[in-house]
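Because only heavy atoms are used, hydrogens play no part in the values below, and waters and symmetry mates are left out as well, while side chains stay in. Since this is a predicted model, take the numbers as computed values, not measurements.
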Amino acid sequence: MKKILYILLIIFIGCSPDYTPKPRGYFKLDLPKKEYQEYNKSSCPFYFLHPIYSDIEELGSCMLNINFSNFNGKLHITYLPLAEDLYSHIEQSRDLAYKHNIKADMISEEVFENKDKDVFGILYDYDGLTATAAQFYLTDSINHFFRGALYFNTEINDSILPINNFLKEDLRIFIESFSWR
């Protein structure tokens, strides 16, 4: 009898006509303060700012990986000297960027131009569940070609979106601070 009274009490208390659904919960992210340091290796014909919470892995011939270990992400960087093949490098970068068109909801292109530093390029920014978060290339149109692609070791989804947006801000600082020697 006590069990029946207990169950009835729970039903009457638990069922009210003024039910309000609870908002969806997300985990709290403690993102680091934005601070940057310069990468300026004398054997490479470029320099730039990168976040202090990233580590640079030098792969040789000015090829780099900028690791974001805390965020499970990596910026793959390729440097190529130009030998009158600028058009083919730009087309190859565009082809690589648009391979993700199948999965992307949208790919936006943002043109970067700094005539004082002779830095010109395009940032490809992805919306949707793509393998890459962003890709870009930079060139001086005569001697140098520089390409980067930001990847996470997981797919881009709602839970990683704040980290994705956080690192895209760093990518813009990276591009805006980029200079040739």
Side-chain angles (χ1 to χ4, degrees), residues 29-100 107-126 130-156 160 162-181:
L29 293 172
D30 289 325
L31 299 173
K33 182 180 173 188
K34 298 256 186 210
E35 292 183 52
Y36 300 92
Q37 59 191 354
E38 186 174 70
Y39 175 81
N40 193 357
K41 187 176 176 185
S42 61
S43 63
C44 294
F46 52 80
Y47 56 97
F48 53 82
L49 294 177
H50 67 96
I52 61 170
Y53 42 84
S54 65
D55 299 313
I56 294 185
E57 175 186 359
E58 296 176 353
L59 305 173
S61 300
C62 297
M63 306 289 190
L64 309 170
N65 282 336
I66 300 178
N67 297 310
F68 299 96
S69 303
N70 293 344
F71 305 117
N72 209 13
K74 188 177 289 193
L75 178 62
H76 298 278
I77 293 185
T78 304
Y79 167 75
L80 300 166
L82 289 177
E84 298 183 17
D85 53 355
L86 175 63
Y87 178 77
S88 65
H89 288 306
I90 288 175
E91 283 304 307
Q92 183 182 31
S93 292
R94 188 178 187 292
D95 288 346
L96 289 169
Y98 277 90
K99 276 188 176 181
H100 301 278
I107 302 174
S108 62
E109 295 181 9
E110 185 176 346
V111 175
F112 282 91
E113 184 177 312
N114 187 333
K115 291 180 182 177
D116 295 335
K117 296 180 180 181
D118 286 330
V119 177
F120 310 95
I122 294 180
L123 170 66
Y124 299 97
D125 193 358
Y126 299 87
T130 60
T132 182
Q135 294 187 24
F136 68 93
Y137 73 82
L138 302 170
T139 183
D140 68 351
S141 302
I142 299 168
N143 299 309
H144 309 289
F145 192 83
F146 187 91
R147 186 176 185 288
L150 177 62
Y151 287 91
F152 290 97
N153 294 330
T154 184
E155 71 178 24
I156 305 297
I160 200 169
I163 295 169
N164 184 23
N165 293 337
F166 182 78
L167 291 181
K168 281 182 183 178
E169 290 174 30
D170 293 333
L171 196 55
R172 280 186 168 61
I173 297 293
F174 176 98
I175 291 170
E176 290 168 0
S177 69
F178 189 89
S179 289
W180 306 109
R181 287 194 194 286

Would Phe152 and Asn164 count as a side-chain contact (heavy atoms from CB on, under 4.5 Å) here? Give the steps. CA-CA 9 Å; Phe152 290 97; Asn164 184 23; 3.7 Å; yes
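- Considering every non-hydrogen atom in both Ser141 and Phe120, the closest pair reads OG-CD1, 4.1 Å.
- To the nearest 0.5 Å, atoms OG1 (Thr78) and CD (Gln92) are separated by 9.0 Å.
- Looking only at side-chain heavy atoms (C-beta outward), Arg147 and Leu96 come within less than 4.5 Å of each other.
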Can you check side-chain contact (heavy atoms from CB on, under 4.5 Å) on Glu169 and Arg172, steps first, answer last? CA-CA 5 Å; Glu169 290 174 30; Arg172 280 186 168 61; 5.9 Å; no
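- Side-chain atoms of Asn143 and Leu82, non-hydrogen and from C-beta on, never get closer than 4.5 Å to each other.
- Less than 6.0 angstrom separates the ring centroid of His100 from the ring centroid of Tyr126.
- Contact record, Ser179 with Lys117: OG-CD, 3.0 Å, taken as the closest heavy-atom pair.
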Please report the C-alpha distance between Glu110 and Asp125 in whole Å, then the side-chain angles of each, then the deciding distance to 0.1 Å, and finally whether the side-chain contact (heavy atoms from CB on, under 4.5 Å) criterion is met. CA-CA 8 Å; Glu110 185 176 346; Asp125 193 358; 5.9 Å; no
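- Without hydrogens or angle criteria, Asp140 side chain to Ile142 main chain gives a donor-acceptor distance under 3.5 Å.
- Between atom CG of residue Asp170 and atom CD of residue Glu35 there is a gap of 11.5 Å, rounded to the nearest 0.5 Å.
- Not a single donor-acceptor pair under 3.5 Å links the side chain of Ser54 to the backbone N or O of Asn67.
- In this structure, Lys34 places its NZ atom where more than 12 heavy-atom neighbours from other residues, nucleotides or ligands lie under 6.0 Å away.
- Partner of Phe145 under the ring pair (Phe, Tyr, Trp, His ring centres under 6.0 Å) criterion, chosen from Tyr87, Tyr79, Tyr137: Tyr137.
- For the residue pair His76 and Asn65, the shortest heavy atom distance occurs at ND1-OD1, 2.9 Å.
- Defined by atom type and a distance below 3.5 Å, a donor-acceptor pair is present between the side-chain atoms of Glu58 and Tyr39.
- Taken to the nearest 0.5 Å, the SG atom of Cys44 stands 6.0 Å off from the CG atom of Leu64.
- Within a 6.0 Å radius of CD in Glu84, no more than 12 heavy atoms belonging to other residues, nucleotides or ligands are found.
- Contact detail for Ile107 and Ala97: the closest heavy-atom pair is CD1-O, 4.0 Å.
- If you take CD1 on Ile175 and CZ on Phe112, they are separated by 4.5 Å, rounding to the nearest 0.5 Å.
- In this pair, Trp180 and His144 present their aromatic rings parallel. The plane angle is below 30°, not in the 30 to 60° band.
- Using modelled atom types, no side-chain atom of Asp85 and backbone atom of Ser88 make a donor-acceptor pair closer than 3.5 Å.
- The six-membered or imidazole ring of Phe174 lies near that of Phe136, with a centre-to-centre distance under 6.0 Å.
- Both cation-pi conditions hold for Arg94 and Tyr98: the charged atom is under 6.0 angstrom from the six-membered ring centre and inside a 45 degree cone around its axis.
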Check against side-chain contact (heavy atoms from CB on, under 4.5 Å), Cys62 and Phe46: CA-CA 9 Å; Cys62 297; Phe46 52 80; 3.9 Å; yes
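- Atom CG in Leu138 sits 10.5 Å away from atom CG in Asn114 (nearest 0.5 Å).
- The distance between the ring centers of Phe166 and Phe68 does not fall below 6.0 angstrom.
- Once rounded to the nearest 0.5 Å, the distance linking CG of Leu171 with CG of Leu150 reads 6.5 Å.
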